[in-house]
Amino acid sequence: MTFPFLLYIDPGTGSMLVSLFIGVALAVSFSVRALAVKIKFLLSGGKVKAEEKQNAPFVIFSDHKRYWNIFKPICDEFENRKIPLEFYTASSDDPALTAEYKYVKTHFLGEGNKAFARLSFINADIMLSTTPGLDVYQWKKSKKVKCYVHIPHTVDDLSGYRMFGLDFYDAVLTSGQNQTELIRTIEGMRNIQKKELFTVGSVPLDNLAARLKHNPSVQNNGTKTILVAPSWGVSGILSRFGSELLEALEKTGFNIIVRPHPQTVVSEQNILQPLQEKFKDSKNIIWNFDNDNFECLSKADLLITDFSGIIFDYLLVFDKPLLYADTKFDTLPYDADWLTEPMWTLRVLPKIGKQLEQSDFANIKEVIESAIESEEFKKGRDSVRNECWENRLNAAKSAVDWMIDKQKKLSEKGEN
């Protein structure tokens, strides 16, 4: 009669086992694909270029051109110090490729798996990248790289990376205390080797802050401007609330800027087109598709979003409030599924903004005005800023200082 109880697994352990199974399955799937691509690369006559065979003290890899806002200040630091740096990108139109440098050499590796195949042959002391999933998904380690270093592109919660996203990096240059604590928690839960952690701050936020200093926020002459900037997918604002939210905002008389996620433009035209058609004659709703979001952020008195990465750019640099549409997040198959408490982002959202419920639409003007005037949210922004964005306006310099010091130590040890 007691035998069935021997098979019992408590819910927490069961959830972790499911997470582990899914993570391992994904890792195996990507590993098989990566190996196939590498073999195909070699059999088809793929060659590793001379500069990739030679040892380079410092290398940067960028998997997409959008990360140039992180890497440009770091490249500039190397250039100003007259220290050679190799920059590899998987984007053929990466701005790095047309940048005028003497000491920074830029290279296009090819797109997608071709780039990752070539990276497995790179010879370097330090390899810096924003790309998670090293030695788990497509990107396999090179035996000739001494130290792999991750620099996050956000101050947000790194448990939002797919499972094992940072496990095989040697070091992480964090933005603040929140990221450092999360990494140590995950390491402890998995009983894996501790990475070298060093807090440098946030290069992208430093860029925004410097830009804002030279281009102060636009004054709206008494009429408030509201920026609606959602993520995409079934949980996004436009998918969930659509015209109902825009109708409510239109009635406020405020200036409304709707800035859809780039992926919405690509894959959600069935949602976007009807909304644009319906509100094409609106006097106070405009649509924005600019590549650069600075002007929108600068104009807005309040942001309405869900889980878009724009949250912390807006709150921490422009120091303005938000309404967030939802706090539901499916943690599978992310590192967050290992945690015993909610993600850091979900814990801090109530401190920095009000959750927007459908029931708020009827009096949304009052809800907006209350959020804008809230001293509680102002204090919350200050608290969160101190927690996730340290060493402000000095991130690029600190990152390069750390890389130089680390490379010197590796050379002194004579590591191969």
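Side-chain atoms are counted along with the backbone in the values below, which use heavy atoms only and exclude waters and symmetry mates.
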What residues, two or more places apart in sequence or in another chain, satisfy salt bridge (Lys or Arg N to Asp or Glu O under 4.0 Å) together with [X]?
X	answer
Asp405	Lys409
Glu111	none
Glu376	none
Asp94	none

Strictly below 4.0 Å, N to O, side chains only: are [X] and [Y] in salt-bridge contact?
X	Y	value
Glu77	Arg81	yes
Lys141	Asp135	no
Asp360	Lys354	yes
Arg385	Asp319	yes

Is the centre of the [X] ring less than 6.0 Å from the centre of the [Y] ring?
X	Y	answer
Phe61	Trp139	yes
Phe361	Phe241	yes
Phe58	Phe78	yes

Who passes side-chain contact (heavy atoms from CB on, under 4.5 Å) against Asn386, sequence neighbours left out? Arg392
Please enumerate all residues that pass side-chain hydrogen bond (donor to acceptor under 3.5 Å, both in side chains) together with [X], with sequence neighbours excluded.
X	answer
His261	none
Thr305	none
Glu268	Thr264
Ser308	none

Leu303 vs Leu323, side chain to side chain contact (heavy atoms under 4.5 Å, CB included): CA-CA, chis, key distance, verdict: CA-CA 6 Å; Leu303 170 69; Leu323 301 179; over 6 Å; no
What are the two closest heavy atoms between [X] and [Y], and how far apart are they?
X	Y	answer
Phe87	Cys75	CD1-SG, 3.8 Å
Lys140	Val136	NZ-O, 3.5 Å
Leu315	Lys320	CD2-O, 2.9 Å
Ser175	Cys388	OG-O, 2.9 Å
Gly242	Leu275	C-CD2, 3.9 Å
Phe294	Asn215	CZ-O, 3.8 Å

Are Arg190 and Trp338 in a cation-pi setup, meaning NZ or CZ lies under 6.0 angstrom from the ring centre and within 45 degrees of the ring axis? yes
Can you pull out every salt bridge (Lys or Arg N to Asp or Glu O under 4.0 Å) where at least one residue sits in residues 198-211? Sequence neighbours excluded, please. Arg211-Asp292
With sequence neighbours excluded, give me every salt bridge (Lys or Arg N to Asp or Glu O under 4.0 Å) pair touching residues 61-75. Lys65-Asp93, Lys72-Asp76
Between [X] and [Y], does any side-chain donor sit less than 3.5 Å from a side-chain acceptor?
X	Y	answer
Gln358	Glu244	yes
Thr174	Thr199	yes
Gln407	Ser411	yes

Going through the distances and angles, do Gln273 and Glu277 end up as a side chain to side chain donor-acceptor pair (under 3.5 Å)? CA-CA 6 Å; Gln273 285 188 357; Glu277 179 64 26; over 6 Å; no
Ignoring hydrogens and angles, write down the donor-acceptor pairs under 3.5 Å from the side chains of residues 343-353, residues two or more places apart or on other chains.
| from | atom 1 | to | atom 2 | distance (Å) |
| --- | --- | --- | --- | --- |
| Trp344 | NE1 | Glu387 | OE2 | 2.8 |
| Thr345 | OG1 | Asp156 | OD1 | 2.2 |
| Arg347 | NH1 | Pro342 | O | 2.6 |

Side chain to side chain donor-acceptor pair (under 3.5 Å) between Asn123 and Asn55: does it pass, once the steps are laid out? CA-CA 5 Å; Asn123 186 344; Asn55 175 265; 3.0 Å; yes
Any side-chain to backbone donor/acceptor pair from Ser239 onto Gly233? Under 3.5 Å, distance only. yes
In sequence, state the C-alpha distance, the side-chain angles, and the governing distance for Phe168 and His150, and then conclude on ring pair (Phe, Tyr, Trp, His ring centres under 6.0 Å). CA-CA 10 Å; Phe168 299 102; His150 181 78; over 10 Å; no
